[in-house]
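Every chain is numbered from 1 and lettered A, B, ... according to where its sequence line falls, protein lines coming before strand lines.
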Amino acid sequence: MQFVTPLLEGLKVNLEILVVSTLLAFLMAFLAGFGRLAKYRVVRGITLVYVEVFRGTSLLVQLFWMYFALPAMHVNVSAMAAAIIALGLNYGAYGSEVVRSCLLAVPKGQTEASIALNMTYPLRMRRIILPQAWRMMLPGFGNLQIELLKGTSLVYLITLADITYKGMILRSANISQQSLIFAWMLVIYFVVAYALVLLIRYFERRAAVGRG
Amino acid sequence: MWWDWNYAWSIVPELLRAIPITLAATLEGFVLACLLGLPMALAKRSQLRWLSWPVTAIAEFIRCTPLIIQLFFYYYALPSFGIVMSAMTTGVIGLGLHYSTYLAEVYRSGIDSVPRGQWEASRALNFSRGHTWLRIVLPQSVPPTIPVMGNYLIVMFKETPTLSAITLVELLTTAKNIGSQSFRYLEAFTLVGILFLIMSYPSAWLVRKLEVHLGRRERRAASHGR
Amino acid sequence: MDVKRKVEESAPPIVRYKGISKAYGDHQVLDHIDLDIRPGEKIALIGPSGSGKTTLARLLMTLEKPTSGTIEVNGEQLWHMERKGKLVEADEKHLHRVRGQIGMVFQHFNLFPHMNIIRNVMEALVHVQKLPKAEAEARSLEMLERVGLKDRTHHYPSQLSGGQKQRVAIARALVMQPRIMLFDEVTSALDPELVGEVLDVIKNVASEGEMAMMLITHEMDFARDIADRVLFTDGGRIVEQGPPEQILEHPRSERLKLFLARFRRHFGDSADVMTAVGLE
């Protein structure tokens, strides 16, 4: 148990990154999800490039690029900011596919009925399409949330003092107990992941209330 | 200018030399994941609880914890149990095991998508269990999963940079080494990104084509009253 | 039940289609259609599937854009507007204003599955017509009572039968008080035993309203009962039109004769049978 306290100390960094980059990822997912369906070709083009670049390269490469390569362009970002931006933009790109496909999965008849009731585009999105699409998005977002959590473990490689970093420090001081230290790291991650799964299930249940 | 074209061109050959090992790790890991995923899927949906429960738990554990820590465990901790593996072997096993839990889910959805009537017809024709699985169920459940598996191949390819954490000299490590020699990171890391894009984008496009093709075949089969 | 009312022959039309064409690529769905609908008039559109009847309604509901031609609603251009003395393509604001006079009921109901019945009916009253909530609720309840579903207000659409769903959809469209209502094959997706309740509601509405109606239907008996005028469309044109007795009993064109004969030969004259086989 002596290892758990320092590991949890490091976990705080991961959770901070998790929360902020999740918010960023949500923002990007919706912006790009709607952008992919925009009326204007330019908007569609720009979002497509964003999505394909971030989905087509690797998260760790993006992390390194933000941290090591950006300074060459005289953009200095802290390791923390690089982590949040890379994770947020990366999972935002994946999330945008969830948003886009779920918006498209709402039956066309719903849009037609809204037009027949003379609803404007914003009203129809807000009251009719999004609530239905949101419910379909939750499982996809849930999977991405777990992937994002796991992704936070990579920030160790850009010098952040997260749980992995703490673990490696502990390991060098207690080399004979390294299996135990690694095992604890895995267990802690699993507990957090499981808590997230329960949270997501709660949201899914809530979204399903009243509907057969 | 921040960007030096001459320098960029000069490091391309060295980066290209790292591609074979990156691809090898991807492919070997993928084959392992495919091989492990099937028995895992069968065990997870088995009626025998002493089999299904632990396999499900282990798979969930592997799936919900980060690959990098798993790799550290295999690479640094296993030798104290007398298991010593090279970085490459560790990487392939780590990658393969991690993604076998994803592929197990893919197989499972494939198996579950075989209509009940197929099982009932096999029972009615008095096929043995083995015959039913090998000749009826699996041949029907594998084709629809092929595009999804293709997607995971690409996902695994993009995951290989994580193997740099256990000193495997793949694309990202090579770029980092190049960068640290000249203190120029922009060109090296940008080129790595571009190389990933160049290799993953056409594959993703192929997978999408395959998906459309299979979807069409599926519909044709359905319209022939399968 | 005779629900027909005298239609003012001389009144200006509530809807006027002028040279309306619609094509999807090479496929011509509507070919220079001219059609006037007078206020309060009930017209029924019959014809083989793909003859363009549904498209005619969808163009009026602004769900699809005509390739050429104009539509006027109550004397005002629908798809066009005047700007600096010239007719230009209508913007969303213009469409929004004119569209308020039109309502539509769909083949597949298109109820909002995430809202209960009363919310389905109230939604547009509150958010489009901006009525106070209490008033919107009172009017919605009244309308649900009219279609016989007052005891289902807090159910969700998934808990209703097809016939009940379609009655809710009718209430939802009616409560907006459109000047013309479009019914697009509203019984085609229903089980045969549920068709009657929906047709009764529509007949009821037809008997008391000043509202014009466009009914796209395969229910010939229903068309005969309710319509002031029946139009037979085929190949994107209105081939023949007139009072129901004339069109259904004494068809003149060969195509209409063939259409009606095929109906009777294969399916008898029973509307139920035609619905049962899902004929479009």
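- With a 4.5 Å cut-off on side-chain heavy atoms, R127(A) and R119(C) count as touching.
- The two atoms that bring N118(A) and V128(C) nearest to each other are O-CG1, 3.4 Å, heavy atoms only.
- L111(C) and Q110(A) get closest at one heavy-atom pair: O-NE2, 2.7 Å.
- With a 4.5 Å cut-off on non-hydrogen atoms, H108(C) does not touch chain A at all.
- For R58(C), the part lying under 4.5 angstrom from a heavy atom of chain A is the side chain only.
- Residue contact with chain C, scored on non-hydrogen atoms closer than 4.5 Å, involves the backbone and the side chain of L117(A) alike.
- Two residues are said to be in side-chain contact when any heavy atoms from C-beta on lie closer than 4.5 Å; E112(A) and F106(C) meet this criterion.
- The shortest heavy-atom contact between A116(A) and M104(C) is CB-CB, 4.1 Å.
- Formation of a donor-acceptor pair under 3.5 Å by the N110(C) side chain with backbone atoms of A113(A) is not found in this model.
- Looking at M176(C), the atoms closer than 4.5 Å to chain A (heavy atoms on both sides) all sit in the side chain, from C-beta outward.
- Smallest separation of non-hydrogen atoms from F112(C) and M119(A): CE1-CE, 4.1 Å.
- The shortest heavy-atom contact between I128(A) and H114(C) is O-CE1, 3.6 Å.
- Residues T120(A) and E92(C) are not in side-chain contact: their nearest non-hydrogen atoms beyond the backbone lie 4.5 Å or more apart.
- Of the inter-residue distances, the one linking S114(A) atom OG with H127(C) atom NE2 reads 12.0 Å to the nearest 0.5 angstrom.
- Contact of I102(C) with chain A is made through the backbone alone, with heavy-atom distances under 4.5 Å.
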